[in-house]
Engineer: 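Below: one structure in structure tokens.
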Amino acid sequence: MPGITYVRGDATAPQGKGVKLIVHVCNDLGGWGKGFVLALSRRWPEPEAAYRRWHRERAGNDFGLGAVQFVQVSPYVQVANMVGQRGMRTGSKGVPVRYEAIDEGLRKVAVRAAELGASAHMPRIGCGLAGGSWSRIEPLVTERLVKAGVEVTVYDHG
């Protein structure tokens with residue numbers, strides 16, 4: 001069974017051969033402008049444009065917690081915009097991360113990875129601005145992706 005490989009580097013420049021899915025967490029408010037999404041936008045305009053359109057047209061689509069939008073950015077790379085946080089700020093209801101939404105999103109990523117024979121590449125999703133804990137997210141990644149046979153690389157920047 002594959003495991004999770006941890007590397008220093010940039011998740012927007014995924015390592016290895018074959019089809020790659022870059023997985024990251026978005027909020028449910030349509031906001032895109034802080035954290036890892038800035039690195040994505042510096043590299044490709046499509047993920048942000050697709051996410052904003054998906055949110056704008058949410059009355060007629062599946063946009064919401066646990067949903068995932070796959071955006072082709074090169075012949076062998078897709079970005080998975082995964083809605084895994086409620087709002088953008090820590091407040092009376094705690095941090096924005098929603099572990100159940102990340103779990104559901106990762107289930108959908110596993111299905112897409114199997115269809116494409118793809119590996120998954122990500123920063124420590126849900127742990128930056130979303131305020132989540134990697135000790136809670138890593139087991140979800142293992143359960144949904146690793147156990148499904150998906151090779152996973154987690155990138156620690158800098």
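Values below: all heavy atoms of this structure, side chains included; hydrogens, waters and symmetry mates excluded.
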Engineer: According to ring-ring contact (aromatic ring centres under 6.0 Å, His included), does anything in residues 71-105 pair up with another residue at least two apart or in another chain? List the pairs.
Structural biologist: none
Engineer: Is there a side-chain contact between Val7 and Thr153 (heavy atoms, below 4.5 Å)?
Structural biologist: yes
Engineer: Quick one: which residue pairs count as a side-chain hydrogen bond (donor to acceptor under 3.5 Å, both in side chains) with a foot in residues 125-135, not counting sequence neighbours?
Structural biologist: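 Those involving residues 125-135 are Tyr6-Trp134, Ser133-Ser135.
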Engineer: Would a distance-only check, ignoring hydrogens and angles, find a side-chain to backbone donor-acceptor pair under 3.5 Å from Asp103 to Leu106?
Structural biologist: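 Checking the backbone N and O of Leu106 against the side chain of Asp103, no donor-acceptor pair under 3.5 Å is found.
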Engineer: Less than 4.0 angstrom from a charged side-chain N to a carboxylate O is my criterion; do Asp156 and Arg8 meet it?
Structural biologist: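 A salt bridge is absent here (no side-chain N lies under 4.0 Å from a carboxylate O).
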Engineer: Okay, side chain of Tyr51, backbone of Gly30: is any donor-acceptor separation there less than 3.5 Å?
Structural biologist: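 Yes, Tyr51 side chain to Gly30 backbone: donor-acceptor pair under 3.5 Å.
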Engineer: Under the rule for side-chain hydrogen bond (donor to acceptor under 3.5 Å, both in side chains), what residues qualify as partners of Asn81, not counting sequence neighbours?
Structural biologist: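 His24, Gln69.
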Engineer: Looking at residues at least two apart in the chain, or sitting in another chain, which of them share a salt bridge (Lys or Arg N to Asp or Glu O under 4.0 Å) with Glu57?
Structural biologist: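 Partners of Glu57 by the salt bridge (Lys or Arg N to Asp or Glu O under 4.0 Å) criterion come out as none, since no residue qualifies.
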Engineer: Would you mind listing every ring-ring contact (aromatic ring centres under 6.0 Å, His included) that reaches into residues 136-158, with sequence neighbours excluded?
Structural biologist: His121-Tyr155
Engineer: By the rule that ILVMFWY residues connect when side-chain heavy atoms come within less than 4.5 angstrom, directly or transitively, which residues belong alongside Leu129?
Structural biologist: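 Other cluster members: none.
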Engineer: So, using side-chain hydrogen bond (donor to acceptor under 3.5 Å, both in side chains) as the criterion, who are the partners of Arg56 when residues are at least two apart?
Structural biologist: none
Engineer: In the hydrophobic clustering (ILVMFWY, side-chain contacts below 4.5 Å, transitive), which residues join Leu29, or is it alone?
Structural biologist: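 Taking Ile, Leu, Val, Met, Phe, Trp and Tyr as members, Leu29 shares its hydrophobic cluster with Met88.
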Engineer: With sequence neighbours excluded, give me every salt bridge (Lys or Arg N to Asp or Glu O under 4.0 Å) pair touching residues 18-27.
Structural biologist: none
Engineer: Sequence neighbours left out, what passes salt bridge (Lys or Arg N to Asp or Glu O under 4.0 Å) with Asp62? Give chain and number order.
Structural biologist: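 Applying salt bridge (Lys or Arg N to Asp or Glu O under 4.0 Å) to Asp62 gives none.
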Engineer: Not counting sequence neighbours, which residues clear salt bridge (Lys or Arg N to Asp or Glu O under 4.0 Å) with Glu143? List them please.
Structural biologist: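 If we apply the salt bridge (Lys or Arg N to Asp or Glu O under 4.0 Å) test to Glu143, skipping adjacent residues, the hits are Lys147.
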Engineer: Identify, with sequence neighbours excluded, every residue that meets salt bridge (Lys or Arg N to Asp or Glu O under 4.0 Å) alongside Arg52.
Structural biologist: Glu48
